[in-house]
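Everything quoted here is computed from the prediction, not taken from an experiment. Just so we're on the same page: letters track the sequence lines, and every chain starts at 1.
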Amino acid sequence: KVPDPTVAQVKGKPRLLIMGQKGSGKSSISSVVFHKLPAAETLFMESTARIQKDSLNSFMEFQVWDFPGQIDIFNNPSYSFDLDAIFGEVGALIWVIDALDDYSESISRLNMTVVHLQRSYPHITIEVLVHKVDSLTEDYRGEIVREVELRTLDELGDLGVENAPISFHLTSIYNHSIFEAFSKVIQKLIPRLGQLEAMLTSLCRTCRFEKAYLFDVNTKIYIASDSTPEDTTSYVICSDYVDVIIDLTEVYGSWPRSQQWRDRLEGEPFNQTLEEQVGCEWAESVMVLADSKRPIMLREVDRFLALVAIMKEGSYDKMAQINMNVDVVVKGLTDFFEITRAGEKSRTGQEMVGQLPQN
Amino acid sequence: QLKKIKKQKVLLMGKSGSGKSSMRSIIFSNYVAKDTRRLGATIDIDLSHVKFLGNLTLNLWDCGGQEAFMENYLSQQRSHVFSNVGVLIYVFDIKSGEWERDLGTYVNIISALVQYSREAQVFILIHKMDLVARNHREADYEAAVAAVRRKTAEACAIVRRLRNDSGAATKLSSSSSQQPPGGSSSGAGDLDLDVDVQFFATSIWDQSLYKAWASIIHDLVPNLPIIETQLASLGQAVDADEILLFERTSFLVVSKWTSQEGDSNPYGDRFERMSNILKAWKHTCSSFTGTPRNAEQFSDFEYRMGTSFSMFVTKFTTNTFILVCLPPGEARFNSAKLNVAAARPWFKYLDGPVVPPGSS
Ligand SMILES: Nc1nc2c(ncn2[C@@H]2O[C@H](COP(=O)(O)OP(=O)(O)OP(=O)(O)O)[C@@H](O)[C@H]2O)c(=O)[nH]1
Ligand SMILES: Nc1nc2c(ncn2[C@@H]2O[C@H](COP(=O)(O)OP(=O)(O)O)[C@@H](O)[C@H]2O)c(=O)[nH]1
Ligand SMILES: [Mg+2]
């Protein structure tokens, strides 16, 4: 029984297929985004000849497949690839183009791939990364991405493909752009994203937050944000906040304390277990910017997810009240993901945030 | 008890492109590593006065490393450059490719230093370690250290020989007829001619730079014993596991205190890590707010990690930030915050040249 390949197979894990010419930066990208390799260390990486398959267990299980540049999966004399096994699942094709190199050949290979996918696997979204743009000026970046986009769409038109689900991103592993691009890629693969966004939007309204993000802690990908317009500077500070918290946790929270330490703390004058002494089981942090007294807060939702929000000036004094509202949303998010993981139909986000105490 | 502002002359030397101006900009001017790519070669000597806490001024001599300048320091400017030096920081580029030549220059510099400022402390930074693949780092570093040690001994031997050969010291400097301090050769004084050098493997791309610079400033900070005693009292009073005191611009660790439990923390590099993390965070905040990177960026930073630990970082005195790491618990956290705020006046002298009477 062959599954109908034109219909996305929701049961499986969403899959990110990373392709592009040799040396375009594919392995660097997957190591930096999914394995926290510092960008500079990619200089020491060796090129790989086989497909690297990674399975990531995060807020959602998904797979990352890194294809060596020299392999042409559609037209290969020595292998014949099981295309259904590659493209049958729901997912995205991420095509990496080295912006510093001649990209004509890369574009024609991309287009051949798009033609195949549009014919047999139209549920696969196509994401083109115009990559290694760190050394280019702002203006030149814009020019390159426009040219790549124009040429790709032109050639596709000539090949008779119109309206393919294709997006373009400017990226570099040396700054946040690669994480921001992957955020947008992943968001397209999240079922019922709208509900998540509605929860965050409602939280922002109740607590007078300027911006709220839900982060996948391990990758710094944000999987949802409120409905205010995208804003890279907000994303950057919030994602760096996640980094700081991870670093602090590693240094002070990742090693076991002694039993005497615990015994002493649970004795006089508190006479309570540590569990009873703390207000929240997960990470909880707030930081106040010096210039405008704008606080930024972070709250872990579970092992994988953290809520980070930029607050309005002077709201530090209202933290107690804000925390109550955040608790409610965190509970809503936990339910949402439990249900998503269980693959069931969820209640609407609106209901949950509707119960927030008003400010 | 009154202590005046202490001045320290700090020489930053090493060949051109080795990374001297880069590290100075990162530590004292809040550059991030990638900003340093824009730095041009330093022409002659770039002098800066860095106020550190309230009572220490570092006169930083960033000495451009191009050969012509180096020759000049060793000849015309010899006594000007090498007298009254408190600290010499000598930077080697691990990927230089001209090691022998670099070491030759180093011998000349050390000879001049020993001749004019025998008491100076010497720090050797084996720099740009990030360019060496991880599995070679240790071996390459050890080899560099061994070579520099040999050359240091060689330099001392040269000076000793010149001293014993009376009058030779003046011949060393081609133009200046000035007699170097302590230049009168007496056989007994020469025994202490061995320079004590400290080595660090560094890179501007990680926290190693903060480790080296924290050690460099550590011995220069005035009133350190008082600070340490008071930090310990504070730590015990608020039931902390660790307290770090940072200078506000550089975020170098000035002093620290750790409880017995905190001592079992396996991260021995955590002090420089904290400097690096908070400095990077400051930079992120500055990009976000659009305020100058030397401005203060955050006032309070609180973090509670469930039943594992709590911590806060806060503006402490005018010139310092304090990090307090505590056992978990809401009540403990809140009272520690109040107590730390209340303890500020004890540490006021960190901001002024004067130690309050009766504080030691
Ligand atoms: N990879 C790497 N590059 C570094 C490091 N430190 C500095 N650099 C780079 O080295 C180059 C030269 O650095 P400078 O700080 O200007 O060198 P300098 O020692 O002041 O040179 P002169 O002023 O001519 O004596 C810059 O492009 C820096 O970005 C490091 O630790 N690793
Ligand atoms: N400047 C710059 N170099 C990059 C970037 N991403 C990757 N590289 C470099 O490109 C080279 C090739 O990368 P690699 O991941 O092996 O390419 P692959 O063959 O597509 O897997 C490596 O030296 C990387 O360090 C980037 O964003 N900017
Ligand atoms: Mg310089």
Side-chain angles (χ1 to χ4, degrees), chain A residues 38 40-41 43-44 134 174-175 233-234 236-241 243-245 247-258 260-262 264-266 269-270 272-298 300 310 316 319, chain B residues 33-34 130-131 133-135 203 205-206 239 241-242 259-262 264-267 269-270 273-274 276-278 280-281 283-291 295-315 323 325-333:
Chain A
E41 302 267 321
L43 293 171
F44 303 117
D134 40 280
Y174 286 96
N175 56 42
T233 53
S234 299
V236 169
I237 195 166
C238 291
S239 103
D240 281 3
Y241 198 179
D243 267 347
V244 170
I245 293 298
D247 289 343
L248 296 177
T249 311
E250 184 184 359
V251 169
Y252 287 114
S254 67
W255 48 280
R257 264 60 166 189
S258 69
Q260 290 112 289
W261 179 82
R262 194 179 179 104
R264 185 178 65 77
L265 296 171
E266 295 185 338
F270 296 106
Q272 274 183 319
T273 62
L274 287 182
E275 285 72 14
E276 292 165 321
Q277 292 182 39
V278 302
C280 170
E281 158 189 21
W282 297 98
E284 179 181 23
S285 173
V286 61
M287 190 284 306
V288 185
L289 288 167
D291 73 323
S292 57
K293 306 277 172 265
R294 252 184 307 180
I296 303 181
M297 58 136 275
L298 177 147
E300 250 177 5
I310 301 172
Y316 181 70
M319 273 318 283
Chain B
K34 68 171 187 286
D130 60 282
L131 297 178
R134 238 171 236 293
N135 51 339
S203 161
W205 293 99
D206 61 34
D239 198 9
D241 273 338
E242 187 146 275
S259 74
Q260 204 182 342
E261 186 72 24
S264 47
N265 189 327
Y267 294 92
D269 62 352
R270 62 188 183 277
R273 264 167 94 150
M274 289 299 132
N276 197 23
I277 292 168
L278 293 171
W281 176 240
H283 189 266
T284 300
C285 293
S286 133
S287 310
F288 180 73
T289 60
T291 50
E296 209 143 276
Q297 293 299 342
F298 61 90
S299 48
D300 271 288
F301 191 121
E302 302 175 356
Y303 176 29
R304 277 158 289 190
M305 175 62 244
T307 54
S308 173
F309 71 96
S310 311
M311 69 185 290
F312 59 89
V313 183
T314 186
K315 179 82 191 293
L323 176 155
C325 181
L326 297 155
E330 292 286 317
R332 192 174 286 110
F333 184 86

#### Entry: Which residues share a ring pair (Phe, Tyr, Trp, His ring centres under 6.0 Å) with B:Phe288, sequence neighbours left out
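B:Phe288 satisfies ring pair (Phe, Tyr, Trp, His ring centres under 6.0 Å) with no other residue.
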Interatomic spacing from [atom1] in [X] to [atom2] in [Y] - rounded to 0.5 Å:
{"X": "A:Arg257", "Y": "B:Ser264", "atom1": "CZ", "atom2": "OG", "answer": "7.5 Å"}
{"X": "B:Glu302", "Y": "A:Ser285", "atom1": "CD", "atom2": "OG", "answer": "8.0 Å"}
{"X": "B:Glu330", "Y": "A:Gln272", "atom1": "CD", "atom2": "CD", "answer": "11.0 Å"}
{"X": "B:Thr307", "Y": "A:Arg262", "atom1": "OG1", "atom2": "CZ", "answer": "6.0 Å"}
{"X": "A:Glu250", "Y": "B:Ile277", "atom1": "CD", "atom2": "CD1", "answer": "8.5 Å"}
{"X": "B:Leu278", "Y": "A:Asp247", "atom1": "CG", "atom2": "CG", "answer": "10.0 Å"}

Go through the atoms of [X] and report whether side chain, backbone, both or neither lie under 4.5 Å from a heavy atom of chain A.
{"X": "B:Asp269", "answer": "neither"}
{"X": "B:Leu323", "answer": "side chain"}
{"X": "B:Asp206", "answer": "neither"}
{"X": "B:Glu242", "answer": "side chain"}
{"X": "B:Cys285", "answer": "both"}
{"X": "B:Leu131", "answer": "backbone"}
{"X": "B:Arg332", "answer": "both"}
{"X": "B:Arg273", "answer": "side chain"}

### Those residues that, when tested against B:Thr289, pass side chain to side chain contact (heavy atoms under 4.5 Å, CB included) (two or more places apart)
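Counting only residues at least two positions away or on another chain, B:Thr289 forms a side chain to side chain contact (heavy atoms under 4.5 Å, CB included) with A:Leu289, A:Asp291, B:Thr291, B:Gln297.
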Side-chain touch [X]/[Y], heavy atoms, less than 4.5 angstrom:
{"X": "B:Met305", "Y": "A:Tyr252", "answer": "no"}
{"X": "B:Met311", "Y": "A:Val251", "answer": "no"}
{"X": "B:Trp205", "Y": "A:Glu41", "answer": "no"}
{"X": "A:Val244", "Y": "B:Tyr303", "answer": "no"}

### Task
Would you check if the side chain of A:Asp240 reaches a backbone N or O of B:Trp281 as a donor-acceptor pair within less than 3.5 Å?
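No: the side chain of A:Asp240 does not pair with the backbone of B:Trp281.
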### Message
Can a donor-acceptor pair be found, under 3.5 Å and without considering hydrogens, that links the side chain of A:Gln277 to the backbone of B:Ala331?
### Response
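Side chain of A:Gln277 to backbone of B:Ala331: no pair is present.
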Go through the atoms of [X] and report whether side chain, backbone, both or neither lie under 4.5 Å from a heavy atom of chain B.
{"X": "A:Ser234", "result": "both"}
{"X": "A:Glu281", "result": "backbone"}
{"X": "A:Ile310", "result": "side chain"}

Best-contacting candidate, [options], against chain B by heavy atom pairs under 4.5 angstrom:
{"options": "A:Val286, A:Leu274, A:Leu298", "answer": "A:Val286"}
{"options": "A:Thr233, A:Leu265, A:Ile296", "answer": "A:Leu265"}
{"options": "A:Trp282, A:Trp255, A:Tyr316", "answer": "A:Trp255"}

Specify which of [options] makes the most heavy-atom pairs with chain A at under 4.5 Å.
{"options": "B:Gly290, B:Ser287, B:Gly306", "answer": "B:Gly306"}
{"options": "B:Phe298, B:Phe309, B:Phe312, B:Phe333", "answer": "B:Phe309"}
{"options": "B:Met274, B:Lys34, B:Glu296", "answer": "B:Met274"}

### Message
Under a 3.5 Å cutoff, is there a donor and acceptor pairing between the side chains of B:Thr284 and A:Tyr241?
### Response
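No, because no side-chain N or O of B:Thr284 sits under 3.5 Å from a partner of the opposite role on A:Tyr241.
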### Message
I need the minimum non-hydrogen distance between B:Pro327 and A:Trp261, along with the two atoms involved.
### Response
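Looks like CB-CZ2, 3.6 Å.
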